[in-house]
Amino acid sequence: MSHCSHNATLFSQFSQVIILFLELKAQAESILKEAIRKVGFEIEDSELYFETSSHADLASRAAFRLASLYKQNPKELASRIVYAIEIPDGSYIGKANASGPYINFHAGRHYLNRTVAVVLEKKEKFGCGAPKDKILLEHTSANPNGPLHVGHIRNSIIGDTLVRILRCAGYDVEVQYYVNDMGRQIAVVSWACERFELDLSKKPDSAIAEVYIKANVELDKNPEYVKEIDALMEKVEAGDIETIESFDKAVSLAISGIKETLLRLNVVHDKFVNESRFLKSGAVHDIIEQIKATGRTKIDKGAVVVDLSDYGFEKTLVIQRSNGTSLYTTRDLAYHEWKASQADRIIDVLGADHKFISGQLKATLNAIGIKEPEVVIFEFVSLPEGSMSTRRGQFISADELFDRITEAAFEQVETRRPETSDEFKKQVAEMVGMGAVRYDIVRVSPEKSTVFNWKEALDFEKQGAPYIQYSHARACSILEKAKEEAVWNPSGKIDPLFLIEDSEIDLIKKIAMFDSIIDLAAREIKPHVLAIYARELADAFNQFYRFVPVIAAEGENVRAARLALVDCARIVLANSLDTLGIAAPESM
């Protein structure tokens with residue numbers, strides 16, 4: 001569970017939330033607006049156009065906007081505005097200057113000192129936001145017809161990382177897995193369980209996959225069996241107890257195996273919601289009636305279809321088959337109506353193959369006046385070996401992949417730390433292996449497809465999870481060594497004014513950005529933003545350690561300040577890894 005997950009208990013009031021980079025930006029905005037007003041111009045807050053820059057902590061493009069509004073030279077405007085800038089006492093801003101048409105702001109000493117103090121005070125609560133709305137987030141929801149494969153785990157990792165980011169930002173998040181317990185594939189699974197023997201010495205989801213694959217071979221050979229599958233589906237819709245129970249049994253087996261896999265990946269759902277409940281409760285019937293009441297439905301070859309052409313969909317949406325049975329989408333509409341009553345916001349994480357149907361789903365919900373979900377669409381992940389299909393049995397299960405990666409990680413740990421116990425090597429290998437999978441998949445923006453190369457993901461020299469984890473372990477070992485040598489007192493007084501080297505200042509500034517990164521990733525629902533930041537933070541820490549002696553520093557005050565900075569880096573590296581769902585080993 002993320003360090004910020006129980007937001008309500010963490011913050012009894014807003015004033016306890018301390019923000020750094022966001023406050024720096026707010027102060028820069030206020031100072032700039034005042035200077036623009038003094039020069040005799042007016043501008044909207046949204047037109048200050050602040051961005052991070054390699055030349056300053058914050059740069060504004062406001063002069064470009066003013067130049068077009070007032071028909072003046074942007075470079076001259078920038079100079080005039082900077083001349084009018086007044087920085088109040090105690091501000092986080094140290095100075096401002098013009099660089100051509102850009103107005104640059106640089107953080108001052110107060111900001112740097114405050115960052116060190118706040119991180120040491122807040123520790124694992126550093127970067128957490130104030131309590132916000134309730135969000136219901138659904139992810140993974142893979143069909144229970146076999147184990148999760150690599151294609152599924154991108155959904156799980158994006159979804160779970162988003163959950164952790166949103167909780168850290170202060171949202172109350174409930175995580176759901178929508179269980180398809182009554183579709184055609186489940187009818188095939190149930191049929192297969194009757195025909196073939198389940199090998200229960202195997203992991204239950206693998207046993208289910210085995211009979212499911214056999215059943216598909218059989219159905220391809222003997223198409224007349226398809227009628228039996230159709231009959232099972234009709235029986236379930238009609239409420240036949242025996243058939244429902246046989247479906248439930250097969251689904252429960254598969255889900256128990258899926259939960260095991262997810263747990264290994266450090267992914268937990270709060271609720272598993274069965275699709276069939278909406279049929280049993282009458283919600284599916286109600287939603288069909290609501291849609292019919294809009295006058296958008298018509299009968300096409302006996303089926304009930306919805307016209308969504310005014311929403312840009314030429315293809316109609318089928319909500320009821322000619323035999324009176326409902327479809328996955330119909331039940332999904334009922335599920336979304338129920339979700340809408342449970343939370344302020346709904347987020348769905350879906351694969352690119354759901355893009356069209358999720359668009360139709362949103363349009364239909366909109367047409368009947370029900371809150372629509374925010375949909376995060378991700379492109380597919382494949383292995384260098386190629387793509388996967390459970391139906392044909394062409395897939396590498398997530399379990400196999402995890403075993404392979406953990407084995408390779410174990411070999412790496414053995415090479416690096418031959419003197420340690422097998423227990424230590426196993427523990428670290430699992431942390432590094434799972435970290436490598438999670439990081440390598442989440443670092444790519446969801447809308448880009450990716451090939452997961454596990455050998456590269458495990459490379460300690462490349463800047464992936466092992467590199468970030470190793471940076472955390474290094475910070476821990478520096479502090480441990482300083483304790484052993486009795487040169488560090490964690491509760492002793494420190495003065496950040498002794499931190500004046502470039503690499504020290506760069507590291508403090510990178511640490512201070514954590515709150516704004518969480519805020520940005522939560523606002524834009526983009527988990528890769530945090531992954532990139534974690535790598536940059538590890539970089540900044542390693543640069544600092546490369547250039548500046550810590551334990552061997554000259555002078556007690558300098559050493560104490562540098563050790564405090566190592567502690568700050570350790571805290572924020574751990575917070576970043578935790579929010580990415582990745583373990584932060586203290587030794588590697």
Side-chain angles (χ1 to χ4, degrees), residues 2 135-143 148-169 171 173-178 261-262 265-269 332 336 339 343 345-362 372-384 387-388 398 401 434-454 456-457 463-465 468 516-536 576-582:
S2 173
I135 294 177
L136 205 156
L137 191 146
E138 179 212 334
H139 70 76
T140 306
S141 301
N143 283 331
L148 297 179
H149 58 58
V150 183
H152 298 128
I153 62 173
R154 188 171 195 197
N155 191 327
S156 309
I157 292 166
I158 290 171
D160 184 68
T161 310
L162 273 176
V163 167
R164 291 163 182 272
I165 287 167
L166 291 163
R167 282 178 176 160
C168 190
Y171 292 95
V173 188
E174 182 177 303
V175 198
Q176 292 191 355
Y177 186 119
Y178 185 47
T261 306
L262 288 172
L265 197 55
N266 200 12
V267 174
V268 177
H269 287 80
D332 205 11
H336 275 83
K339 281 202 282 192
R345 284 169 68 191
I346 305 159
I347 299 173
D348 296 346
V349 181
L350 300 168
D353 55 339
H354 287 75
K355 203 172 192 168
F356 182 78
I357 196 73
S358 67
Q360 285 190 316
L361 177 111
K362 284 176 73 166
E372 300 165 48
E374 297 162 56
V375 180
V376 178
I377 293 282
F378 65 91
E379 282 297 333
F380 292 105
V381 63
S382 56
L383 291 166
S387 63
M388 291 147 287
L401 181 75
M434 291 303 99
V437 175
R438 285 193 69 129
Y439 187 85
D440 207 67
I441 283 176
V442 84
R443 73 184 169 83
V444 180
S445 177
E447 66 278 4
K448 292 180 183 162
S449 55
T450 175
V451 175
F452 175 68
N453 187 325
W454 59 276
E456 280 182 20
Q463 294 172 328
I468 302 162
S516 71
I517 293 295
I518 291 293
D519 176 73
L520 177 69
R523 264 188 300 112
E524 301 201 351
I525 326 187
K526 289 198 169 152
H528 70 285
V529 171
L530 177 61
I532 293 162
Y533 168 80
R535 190 194 66 223
E536 289 173 353
S576 302
L577 285 165
D578 181 40
T579 312
L580 288 166
I582 297 170

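What you see is a predicted model, and the numbers here were worked out from it, not measured in a lab.
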* Any salt bridge (Lys or Arg N to Asp or Glu O under 4.0 Å) involving residues 527-536? Give me the pairs, sequence neighbours left out, ordered by first then second residue. => K510-E536
Name every donor-acceptor pair, under 3.5 Å, that has one atom in a side chain of residues 444-452 and the other anywhere in the protein, sequence neighbours excluded.
from	atom 1	to	atom 2	distance (Å)
S445	OG	E447	OE1	2.8
S445	OG	E447	OE2	2.7

Could you list the residues that satisfy side-chain hydrogen bond (donor to acceptor under 3.5 Å, both in side chains) with [X], not counting sequence neighbours?
X	result
K526	none
D332	H336
R154	none

Side chains of [X] and [Y], heavy atoms from C-beta outward: is any pair under 4.5 Å?
X	Y	answer
D160	L262	no
V175	R167	yes
E456	D440	no
N266	R164	yes

To the nearest 0.5 Å, tell me how far [X] [atom1] sits from [Y] [atom2].
X	Y	atom1	atom2	value
I165	E524	CD1	CD	11.5 Å
I441	S156	CD1	OG	9.0 Å
L530	T161	CG	OG1	8.0 Å

* Should the ring pair H269 and H139 be called parallel, tilted or perpendicular, given that the plane angle runs from 0 to 90° and is split at 30 and 60? -> tilted
* To do: Over 60° means perpendicular and under 30° means parallel, so classify the ring planes of H152 and H149, tilted if in between.
  => parallel
* Is the side chain of Y177 donor-acceptor paired with the backbone N or O of A142 at a distance under 3.5 Å, no angle test? -> yes
* To do: Scan V267, L577, L580 and name whichever one has a side chain to side chain contact (heavy atoms under 4.5 Å, CB included) with R438.
  => V267
* What closest approach, in Å, do Y439 and A465 show between heavy atoms, and which atom pair accounts for it? -> CB-CB, 3.5 Å
Donor-acceptor pairs under 3.5 angstrom involving side-chain atoms of residues 350-358: please list them, not counting sequence neighbours.
from	atom 1	to	atom 2	distance (Å)
S358	OG	H354	O	3.0
S358	OG	K355	O	3.0

